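Computation of the quantities below employed the complete heavy-atom set of this structure, encompassing side-chain atoms and omitting hydrogens, waters and symmetry-equivalent molecules. The model shown is predicted, which means the values in this text are computed figures rather than measured ones. Start at 1 with the first residue, then count along the sequence.
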Amino acid sequence: MDTRWIDELEAELSGTRVLREPHQIKRFTTGIRFGQGSALAVFEPSSLLAFWKILKASVAADCIVICQAANTGVTGGSTPDGDDYDREIVIISTLKLDTCMPLCNAQQALVFAGGTLYRLEEILAPLGKNPHSVIGSSCIGASVIGGVCNNSGGSLVKRGPAYTELALFARLTEQGELELVNHLGIELGDTPEEMLSNLDEGHFDLDAATLGGGLASDPEYIDRVREVDDPTPSRFNADRRRLHEASGSAGKLAVFAVRVDTFDKPKVEQVFYVGTNEPEQLNEIRRRLLTECAELPEMGEYMHNSWFDGADRYCKDTFLLIKYLGTDFLPRLYRIKATLDRWIEKIPGLPSRPADRLLQRLAQWWPDHLPKRMRDYRKAYEHHLILVGADTAIAEVRQVLHDVTRETDTGDFFECSPREGDAALLHRMVAGGSPARYNLIHAEETNGIVAFDVALPRNYAKWHEFLPEDLLDQCAAPYRGGHFMCRVFHWDFVLKAGVDPEAVKARMMSLLDDIGAKYPAEHNVGHLYCAEPHHAAFYRELDPTNTFNAGVGKMSKHRCYH
């Protein structure tokens, strides 16, 4: 393929970094859990206008375009998948476009293509506001637009999937014409170049932006999550209600900016830690909190002992790094690790990903990082629930927990001190990394990971009995946890050597279909799940030529889906 157009772009866009060597682009073409392929080049634009010019040139060169931010997705949806595409792939990394600003007296925020949840949280905090998500992905650098494009759910009970109808995005028509669509509700000019230059330079009237031009979050979700007897899931990626242009687009559009709602920052928060050997107690706690309390808790995170132990043994280094160096250090750490791996892996005979292996070993030398009461609950109880109440909800959460646990010896709770609360939430946050680390350390004994991101029906009470013993017996490490109030569970199976992943996956999907569950729930289809028919039709409508992120949802990787 003639690549002179890349040379010309590199010369024209002086602030844009262009990577072409395989060792340079590996971290962009490899997902954190799944997905790996090759790319012709990786572009890192430093302005929205440069983003547009790269996009135009890539489309003119008949390339598939993958727009990527932090590459934190766990279903491989932000990287190439294999090498069976019919065109070359170009990746546009938007992380340098990390601009966020408050709008409408901080009731909303304007976020550029690479704006991270961490950056947005940092900007909103002095204004007494929070973004849609404040734990989990926000702490490992995930982008706001990545969350919107994947309808990411997060752990906060009241907020539901990330959603907006206010976006500035590029799409390719059936005739192959690239057009920029401004649905931000902000006057920016007439041509793409004018609009993007005005955004880059701040030449627009922030005060003219008003509320009411379209939704910038899901206002119905707080009522849906309270409907505990409904036989359908509360949130899932194929929900027709929340597929709109950029929202749920899974990279089938190139999104330059969005407007999103902000949320009042609580004045006081209290973390409660619940342990039980009787799962029905957790069901009763959930029912009473969602149906009887005037104010819902901020968070309700479930951890089975398997997830507790996985985070304890395989994510201690991440816990310590965040605790002592802060969340903003993690993106830098990932770059350092990628560089170390690239150089050390050149030495013959050394195992893959040496940086992770080194961190794993070093963390074991550190003193115990978890509070004593958490350790005691791990010894006594199989099931753990972390609840966060805020302001007037604190007393209601306390009363429900007291009422449910006081007449039984199968469960109990304690109110965390600030130190214990921080440790409990951080322990839960890093737990998601345990399957990949276990699989790496025990590679000779395992056969990969089968991960399920599942939305169970709101009235499904037997979540703790759902997984059959013969399936669990095929797992070297079956990790189990989830967002308990909305019945979204994460079941990550590290399989034993010799076990067929496709057979396990097929068995699980059949069992889930039988009870009316939906999957994926919040991480989108990526390259792991088949898009449902209406979901696939949505992608085709957005991207009729199959130029953007071809192959997601296990759809065709070829031009026009042929």
Do the side chain of [X] and the main chain of [Y] share a donor and acceptor less than 3.5 angstrom apart?
{"X": "Lys323", "Y": "His369", "answer": "no"}
{"X": "Thr75", "Y": "Leu528", "answer": "no"}
{"X": "Thr116", "Y": "Arg119", "answer": "yes"}
{"X": "Asp453", "Y": "Ala521", "answer": "yes"}
{"X": "Ser306", "Y": "Pro478", "answer": "yes"}
{"X": "Thr410", "Y": "Thr276", "answer": "no"}
{"X": "Gln270", "Y": "Cys416", "answer": "yes"}
{"X": "Arg373", "Y": "Glu415", "answer": "yes"}
{"X": "Ser247", "Y": "Thr164", "answer": "yes"}
{"X": "Asp391", "Y": "Lys267", "answer": "yes"}

Do Gln281 and His383 get their side chains close enough for a donor-acceptor pair, meaning under 3.5 Å?
no
Less than 3.5 Å apart, any donor N or O on the side chain of His442 or Tyr314 sitting next to an acceptor on the other?
yes
Looking at side-chain heavy atoms only, is the closest gap between [X] and [Y] below 4.5 Å?
{"X": "Glu44", "Y": "Phe28", "value": "yes"}
{"X": "Phe484", "Y": "Asn283", "value": "yes"}
{"X": "Thr79", "Y": "Thr29", "value": "no"}
{"X": "Met299", "Y": "Ile386", "value": "no"}
{"X": "Val74", "Y": "His490", "value": "no"}
{"X": "Glu396", "Y": "Val400", "value": "no"}
{"X": "Met429", "Y": "Phe319", "value": "no"}
{"X": "Met101", "Y": "Thr99", "value": "yes"}

Counterpart residues, ring pair (Phe, Tyr, Trp, His ring centres under 6.0 Å), relative to [X] (two or more places apart):
{"X": "Phe489", "result": "Trp463, Trp491"}
{"X": "Phe308", "result": "His384, His427"}
{"X": "Tyr377", "result": "Tyr273, Tyr381, Phe414"}

Using the side-chain contact (heavy atoms from CB on, under 4.5 Å) rule, take His132 and Tyr163 through it: C-alpha gap first, then chi angles, then the decisive distance, then the call.
CA-CA 9 Å; His132 174 267; Tyr163 180 77; over 6 Å; no
Tell me the closest heavy-atom pair linking [X] and [Y], and the distance in Å.
{"X": "Gly77", "Y": "Asn549", "answer": "O-ND2, 2.9 Å"}
{"X": "Pro233", "Y": "Arg224", "answer": "O-NH2, 3.3 Å"}
{"X": "Met485", "Y": "Leu290", "answer": "O-CD1, 3.6 Å"}
{"X": "Gly248", "Y": "Asn151", "answer": "CA-OD1, 3.3 Å"}
{"X": "Val499", "Y": "Pro501", "answer": "O-CD, 3.2 Å"}
{"X": "Ala517", "Y": "Val454", "answer": "CB-CG1, 4.0 Å"}

By side-chain hydrogen bond (donor to acceptor under 3.5 Å, both in side chains), which residues pair with [X], not counting sequence neighbours?
{"X": "Arg287", "answer": "Asp229"}
{"X": "Ser217", "answer": "Asp261"}
{"X": "Asp309", "answer": "Arg378"}
{"X": "Asp473", "answer": "none"}

Show, in sequence, the C-alpha distance, side-chain angles and deciding distance for Phe413 and Leu387, and conclude whether the side-chain contact (heavy atoms from CB on, under 4.5 Å) test is met.
CA-CA 10 Å; Phe413 78 97; Leu387 288 163; over 6 Å; no
Under the side-chain contact (heavy atoms from CB on, under 4.5 Å) criterion, do Phe466 and Leu512 qualify, and how do the steps go?
CA-CA 9 Å; Phe466 176 80; Leu512 291 168; 3.5 Å; yes
All side-chain contact (heavy atoms from CB on, under 4.5 Å) counterparts of [X], not counting sequence neighbours:
{"X": "Ser78", "result": "Gln68, Asn71"}
{"X": "Ala250", "result": "Asn150, Asn524, Tyr539"}
{"X": "Ala393", "result": "Glu295"}
{"X": "Gln399", "result": "His402, Asp403"}

Applying side-chain contact (heavy atoms from CB on, under 4.5 Å), run through Val255 and Val148 and close with a yes or a no.
CA-CA 10 Å; Val255 185; Val148 168; over 6 Å; no
Give, for atom [atom1] of [X] and atom [atom2] of [Y], the distance between the pair rounded to the nearest 0.5 Å.
{"X": "Arg286", "Y": "Cys486", "atom1": "CZ", "atom2": "SG", "value": "8.5 Å"}
{"X": "Ser143", "Y": "Leu95", "atom1": "OG", "atom2": "CG", "value": "7.5 Å"}
{"X": "Asp492", "Y": "Tyr479", "atom1": "CG", "atom2": "OH", "value": "9.5 Å"}
{"X": "Asp376", "Y": "Asp412", "atom1": "CG", "atom2": "CG", "value": "11.5 Å"}

Salt bridge between Arg375 and Asp368, side-chain N to carboxylate O under 4.0 Å?
yes
Should Lys505 and Glu502 be marked as a salt bridge (charged side-chain N to carboxylate O under 4.0 Å, His left out) after you check the CA-CA gap, both sets of side-chain angles, and the distance that decides it?
CA-CA 5 Å; Lys505 188 174 180 180; Glu502 291 304 316; 5.3 Å; no
Arg313 atom CZ: more than 12 heavy-atom contacts under 6.0 Å:
no
If you draw a 6.0 Å radius around NZ in Lys496, do more than 12 non-hydrogen atoms from other residues or ligands fall strictly inside?
yes
Check for me whether Arg159 meets the cation-pi criterion with Phe263, that is, NZ or CZ under 6.0 Å from the six-membered ring centre and within 45 degrees of the ring axis.
yes
Taking the six-membered ring of Tyr460, is the NZ or CZ of Arg458 close enough (under 6.0 Å from the centre) and on axis enough (within 45°)?
no
With sequence neighbours excluded, give me every side-chain hydrogen bond (donor to acceptor under 3.5 Å, both in side chains) pair touching residues 431-440.
Asp317-Arg437, Asp356-Arg437, Gln360-Arg437, Asn439-Thr446
